[in-house]
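These notes are about the structure you will find just below.
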Amino acid sequence: MKLKSLDGKVVKIVSNRYTVKCGDKSYKAFARGKLRLQGDIYVGDNVKIVFERGEAVIDEVKPRINSLIRPFVANVDSALIVVAKEPEPDMLLIDKIIINCHLEGITPVLVYNKSDLATDAEINALFKPYEDYIDCIKVSAYTKTGLNELGQYIKDKVVCFAGQSAVGKTSLLNAILDLNLKTDGLSEKIKRGKNTTRHVEIYEAFDGMVMDTCGFSMLSIVSIDENDLRYYYEDFLPLQEGCRFNSCTHTEEPDCAVKKAVEKGALDKARYDRYIAIFEEIKEHRRRQYD
Ligand SMILES: Nc1nc2c(ncn2[C@@H]2O[C@H](COP(=O)(O)OP(=O)(O)OP(=O)(O)O)[C@@H](O)[C@H]2O)c(=O)[nH]1
Ligand SMILES: [Mg+2]
Ligand SMILES: [Zn+2]
C-alpha cells in the first residue's frame, strides 16, 4: 500500500517532537531514527511526512539552501541580528554572526532594540562601522517604534532573529504580533540574559516568516581557513587591491591597504582588532586539531 505523504516545513522543535506545517494544517511529528542519525533536523527544514499507525513521521529532509548552528535554523533569507543598550553588546559575537551569514549566503541586518534606553549618538556609534554595507535599523518593542520598518525585512521572506539573551527578540515578536510569549529581564548579578527562550519557532508576520530563537553568547568560527577570513569582510574587500600582496591577510604583511585605512581612521580600529582576534582564534583551533 502506498503511504500518503505530505510536504511541509518544520516550524517548531521541542525535544524530539517536530511541528510540521503543511499548507494550513500543522502536524506533530516524530522523525525517523535514520534522519536523527544523519544529523539534526532544523527549524526551517523542508520535509516530507508520512503517516504510520495514525502518527505523523518525518521521512525525508529536503536539501538545505543554508543553515546556521547559532541560532539553530535552516533555509533563511536573512538574519535580524538584535543588539540593545543592555545587555552590553558583544561586538565580537556580532562580527562572528555576520561572518557566518556571509558564509551561508544569508543577508545580515543589524537591529538596535530598546532604542528607548539609548541616545541616538550611542546607536549611531554602534552602526557606524557597518552601515555602509549592512542595513541598520533602530526599534523599540516597548514604544513600538520602527516595527513597520522591521516588517519590511520580514515581508515575503523567511528570517531569523539572532543575538544575545535578553536583547528583546521575543519582545519584538510580542510587539509585532500582539502575542504574550514569555520574556524575562536581565540577571541583576551578572547583567546577562537568562536564556528565556528555549526552543526555535517560526511565526508568520508581515506576509513572511520570522523565527524566534534562543539567545547565545559563544560562537566559534571553525569552518574556514584563517587566510580566507578576509573574504567575509565586505568592508575590507574594496581595499584589497591596494595591498602589496594579492594574498594579503591584512595581519603581518607590509604595505597593507587595510591597515593603512585603520591608521587613517577610515576603517574602525575596534572592528579590525576583532578581525585579528578571530583570525588568531581560527589559527589556534587549527593548530590544536593537527597537534
Ligand atoms: N526598555 C526596553 N526593554 C525591552 C525592550 N524590549 C525588550 N525589553 C526587555 O528586555 C528583556 C528581555 O526581553 P526578551 O524578549 O525576553 O529577550 P530575548 O532576546 O528573547 O531573550 P532570550 O529568549 O533569553 O534569548 C525583558 O525584560 C523585556 O521586557 C524595549 O524595547 N525597551
Ligand atoms: Mg526570547
Ligand atoms: Zn592587506
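Just so you know, ligand 1 is whichever comes first in the structure, and atom 1 is the first atom listed for that ligand. All values below were derived from every heavy atom in this structure, side-chain atoms included, with hydrogens, water molecules and symmetry-related copies excluded. Since this is a predicted model, take the numbers as computed values, not measurements.
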Side chain or backbone of T170 under 4.0 Å from ligand 1, or both, or neither, by non-hydrogen atoms?
-> both
Are any non-hydrogen side-chain atoms of [X] and [Y] less than 4.5 angstrom apart?
X: D135; Y: L110; answer: no
X: E204; Y: K21; answer: yes
X: V109; Y: I81; answer: no

Identify the closest protein heavy atom to [atom]: which residue and atom is it, and at what distance?
atom: atom 25 (O) of ligand 1; answer: K169 NZ, 2.8 Å
atom: atom 10 (O) of ligand 1; answer: K114 NZ, 3.0 Å
atom: atom 29 (O) of ligand 1; answer: Y142 OH, 2.8 Å
atom: atom 6 (N) of ligand 1; answer: N113 ND2, 3.2 Å
atom: atom 27 (O) of ligand 1; answer: G185 CA, 3.2 Å
atom: atom 17 (O) of ligand 1; answer: G168 N, 3.1 Å
atom: atom 13 (O) of ligand 1; answer: S171 OG, 3.3 Å
atom: atom 24 (O) of ligand 1; answer: S165 OG, 2.6 Å

Check each atom of ligand 1 against the heavy atoms of [X] and keep those under 4.0 Å away; list them by number with element.
X: L117; value: 1 (N)
X: V167; value: 17 (O), 19 (O)
X: N195; value: 24 (O)
X: S140; value: 31 (O)
X: A141; value: 6 (N), 30 (C), 31 (O)
X: T183; value: 14 (P), 15 (O), 16 (O)
X: G215; value: 25 (O)

Y233 ring center near Y275 ring center (under 6.0 Å) = yes
Answer yes if the ring centres of F51 and Y27 are under 6.0 angstrom apart, and no otherwise.
->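 Yes, they do, as the ring centres are separated by less than 6.0 Å.
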Got an N/O contact under 3.5 Å between T197 and ligand 1?
->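 Indeed, backbone or side chain, T197 has an N or O that close.
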Do F279 and V262 sit in the same hydrophobic cluster, where Ile, Leu, Val, Met, Phe, Trp and Tyr count as joined when their side-chain heavy atoms come under 4.5 Å apart?
-> yes
Look at the side chain of [X] and the backbone N and O of [Y], then say whether any donor-acceptor pair between them is shorter than 3.5 Å.
X: T183; Y: S171; value: no
X: E122; Y: T119; value: yes
X: K259; Y: T251; value: yes
X: D59; Y: I49; value: no
X: N113; Y: A141; value: yes

Ion pair check, D77 and K157, cut-off under 4.0 Å = no
Is any NZ, NE, NH1 or NH2 atom of the basic residue among D7 and K48 found under 4.0 Å from an Asp or Glu carboxylate oxygen of the other?
->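 Result for this pair is no, no salt bridge flagged.
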Side-chain donor-acceptor pair under 3.5 Å between D235 and Y272, yes or no?
->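 The criterion, which ignores hydrogens and geometry beyond distance, is not satisfied for Y272 and D235.
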Can A166 be said to touch ligand 1, with heavy atoms closer than 4.0 Å?
->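 Per 4.0 Å heavy-atom rule, A166 contacts ligand 1.
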To 10°, measure the SG(C243)-the Zn ion (ligand 3)-SG(C256) angle for me.
-> 120°
At the Zn ion (ligand 3), what's the angle from H250 ND1 to C248 SG, rounded to 10 degrees?
-> 110°
Which protein N, O or S atoms lie under 2.8 Å from the Mg ion (ligand 2), given by chain and residue number?
->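 Correct list: T170 OG1, T197 OG1.
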Counting heavy atoms only, which of T143, D116, V82 is nearest atom 1 (N) of ligand 1?
-> D116
Which of the listed options, T213, L172, D184, holds the heavy atom that is closest to atom 16 (O) of ligand 1?
-> D184
What closest approach, in Å, do [X] and [Y] show between heavy atoms, and which atom pair accounts for it?
X: A257; Y: C243; answer: N-SG, 3.4 Å
X: L219; Y: K96; answer: O-NZ, 2.8 Å
X: V159; Y: V76; answer: C-CG1, 4.4 Å

